[in-house]
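Predicted model, so just to flag it, every value in this text is computed and none were measured. Counting starts at 1 for both ligands and their atoms, following the listed order.
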Amino acid sequence: MSFRTTAVDYVEDVSPGNGALPPRARYATSDARTLSLNGSWRFRLSATAGAEDDAFAEPGYDADGWAEVSVPGHWVLQGGGRFGSPAYTNHLYPFPVDPPRVPTENPTGDHLRVFDLPEDWDLDDGGAVLRFDGVESCARVWLNGTDIGEFKGSRLPHEFAVGHLLKTAGNVLAVRVHQWSAGSYLEDQDQWWLPGIFRDVTLLHRPAGAVLDHFVHASYDHAGGLGTLRVDSDVDGRVTVPDLGIDVATGESVTVPVEPWSAETPKLYDGVLATEGERVPLRIGFRTVELADGLIKVNGKAVLFKGVNRHEWHPEKGRALDLESMREDVLLMKRHNINAVRTSHYPPHPAFLDLCDEYGLWVIDECDLETHGFTEQDWRDNPVDDDRWTPALLDRAARMVERDKNHPSVVIWSLGNEAGTGRGLTAMAEWIHGRDASRLVHYEGDVDCRDTDMYSRMYAGHAEVEQIGQRLDGGTHKRRELPFILCEYGHAMGNGPGGIADYQQIFESYDRLQGGFIWEWIDHGVKDERYGFAYGGDFGEELHDGNFVCDGLLFPDRRPSPGLVEYKKVIEPVRIEGDLADGTVRITNRYDFADLSALAFEWSYQVDGETVESGPLSVPVLAPGESADVKLPEPPAAGSGETQWTVRALLAADTAWGPKGHVVGWGQSPVSARRAPSVAPTAGPVSDDRLITLGPASFDARTGALRSVGGVEVTGLRLDVWRATTDNDDGAAWQTDIRYSEVWRKFGLHRMRHRLDGVEAGADALTVRTRVAPAAWEVGLSTVYRWTSDGERLRLTVSVTPEGDWTALPLPRLGIRFGLSGADTDSVTWFGGGPGEAYPDTRAASMVGRWQSTVDGMQTPYVRPQENGARADVRWAELGGLRVEGDPEFWFSARRWTTEQLDAAAHRSDLVPGETVWVHLDHGQHGIGTASCGPGPLRQYYLLAEPTEFSFVFSQAGGPAGS
Ligand code: IPT
């Protein structure tokens, strides 16, 4: 008996499918009836594609014994493990590369749903269409026992004409879904492999004379302020736009004064396309996208993309995203000053684009195409360079363009991602250019820009981007004439991304650079009882790429990570700067289209981080690009202390995406500088056999170790250079740059030993001399702790002198750590940078003020635990009854586990609070960079091993503050 049956041949066929209708424009609703077939479906899982025959598709089949799954959904995320599990690979195909063949082990889900038509659905009036918005990866469909076709193209819609098959009641819809198909070779995106009917299934009534395909052309002439509208429709009808007094026939152009659409001012006009059989609502945005003067221009102006790459993700539902999560994504983007989305790496659920139109985001709509795994064989046999696959590629391009062509937010079509180069891509670009000349075409893999309208790269370092900005990068003649975008940069894996402020500064310095898109929006962690959030490998995959799937600006539950807060600040649309001490503040409008009329400004004045006065600041309504110097009021009469101005730009009124008072941008400037704490060494150490006392402190007489300060017990105080390496310290395996965590571990910076060289109780100081060094190497840090006191306060000065050759070895951190009783240490107050985490190259959003949190609240919950939670520029901090002042300011963190435990943890669930709170006071931290996929920290953020001295003053919290 032959195992392969004709019934499953289509699975391994390079063709896109059979039986589906030509693609057409998508619209959310019309007056024609629709029936959602979402909900609970009967489900049967087989291990292979040909295991079961087609009997289940026959009416009357008894599926009572079957399980159930929710549609939309992925079966591997349902059934508590009964239906297999998710699997994650970045670019490796999780099956042998033998295109278009797939493994015999091909999980196949039979889905069954019986439905009645609503009573008033008239079967004699016109036809009906069955629409699948997304099925991974290949489906065959039967309605009432009739095989209506099969399709591939997971994140693309497929429609079938089914009117002739429908009955008023008891319709049987059977869908067989195969996890692997020839299509899987085209869908090698860096994400979980998640089979299933993961988007909506809908039955649409198509009355006689209903709209078929229609194309809304709505351009804007910025010189005249005029919009031109023409709606082409396969079925003739009329187009009305009441607010514009438009009433024209389809195919006819009309030009009227309009307000244009932009991501900043997303003006949509409601219209209707009425044919004999249907009234389709139109949401029209007038805008013109063009390549002019070597720049991407919309409505005559060059735009600067402040973008993110967005995969669809929900920690429980995978890519079966609900509307509320989509809206949350858009609102979070808008509230964090993001103005653009690349829909990496496939067209999103269509409702997401409706939201982009409505709230205002520039969209690069990317096709569902990636063949990255072929890189392992130097791109040999790459489907995009093999004519047999071209129909499938063109089908994908058409399904994207036709579905999404009426969205004003979509300004650029992208052919796909990481698919090498080849004739198939050229064919796609040619087809798209021919079908829609009103948008530009993007593909990063086309380094010569043969087929594309912009030069695009990913993860290029700062210096190279600057060179491109200066047009010194060479390349083909065509490329040299084109604008540049970084379609991916700032890899947001774990702690980071570092260095994005430096990128932004470069983007803003050269016209050719039109911004970039952070990789990526959200961590794809899977909610998991064992781990909190699971990542690659947690489901026993034989091949996987670990936590590389958690590299977003949002945690999997959509809580913003510090990276998003940083990005918000870096890309803020209004810049507030200047030496505020001279009483003026310079405000710059960095929008491309909007003036500042939507914003209200507010000044406040802080003494020692506490606001003593605030008030409104009147700022002229600046046009895009304009600046003004605005006079601040007389500074309040404040006593001694450190003083500063803070100026904020807020939403003046509620908007569609943010409430009145939402902070859009801010700036700060010192007025009078901080006075460093000084302690006159009036008390001297007093020793007995066991203890040395010095002012409020006691020390072990033999080791010189601090035991207590002002009654607060302190353990384990010593120099610390180690941090639990971040994903960016670890770097990607393929990086050619130095991967610092490897070097650090090689030289033993995680296992430094502390040799005691002497404890000297002098007249006015206790001096403890040590050498801190790793086994096996001659490098070391000669470290002297010098303790003095004025009787009430205790000052520690740490002097560090590197010994041996450290030139190639920056330090992860340099500071001290010590333990406090966990039971007595919970709330934390500090004056310095906050409220969130910051590191040398991720500190733009760190605002100087008085902040309060708890030890637990100071932790950043990276899915894979790693160094986190440092607060920058801390003048003083209080916790566990202790007050610490820094000279100079320091990096402050505290946690209920040691750095070693943090370093060893693979998931949050590995972090078990101990009895001690470990406090870190760091003089320095090494930069973060983005070497998990991209360049490491810039040189200026290196923490070099150099002779260094820094001090802390300890006293009882709440005691006399004095400085
Ligand atoms: C780049 C991919 O385009 C993206 O999908 C993602 O995998 C990202 O990297 C890393 O998270 S490809 C990279 C190897 C340059």
* **Option from His372, His345, Glu366, Glu418 for which side-chain contact (heavy atoms from CB on, under 4.5 Å) with Gln189 holds** => His345

* To do: Examine Arg479 relative to Tyr455 and say whether NZ or CZ is less than 6.0 Å from the centre of the six-membered ring and inside a 45° cone about the ring axis.
  => yes

* Give the protein residues with at least one non-hydrogen atom closer than 4.0 Å to an atom of ligand 1, ordered by chain and number. => Asn90, Asp190, His345, His372, Asn417, Glu418, Met458, Tyr459, Glu488, His491, Trp519, Phe548, Asp551, Trp734, Cys933

* **Any donor-acceptor N or O pair under 3.5 Å, side chains His524, Asp551** => no

* Are Glu742 and Arg745 close enough for a salt bridge, meaning some N to O gap below 4.0 Å? -> no

* To do: Could you tell me whether Asp368 and Arg155 have a side-chain N and a carboxylate O separated by less than 4.0 Å?
  => yes

* Asked: In terms of side-chain heavy atoms, does Gln191 have a donor or acceptor partner in Tyr88 at a distance below 3.5 Å?
  -> no

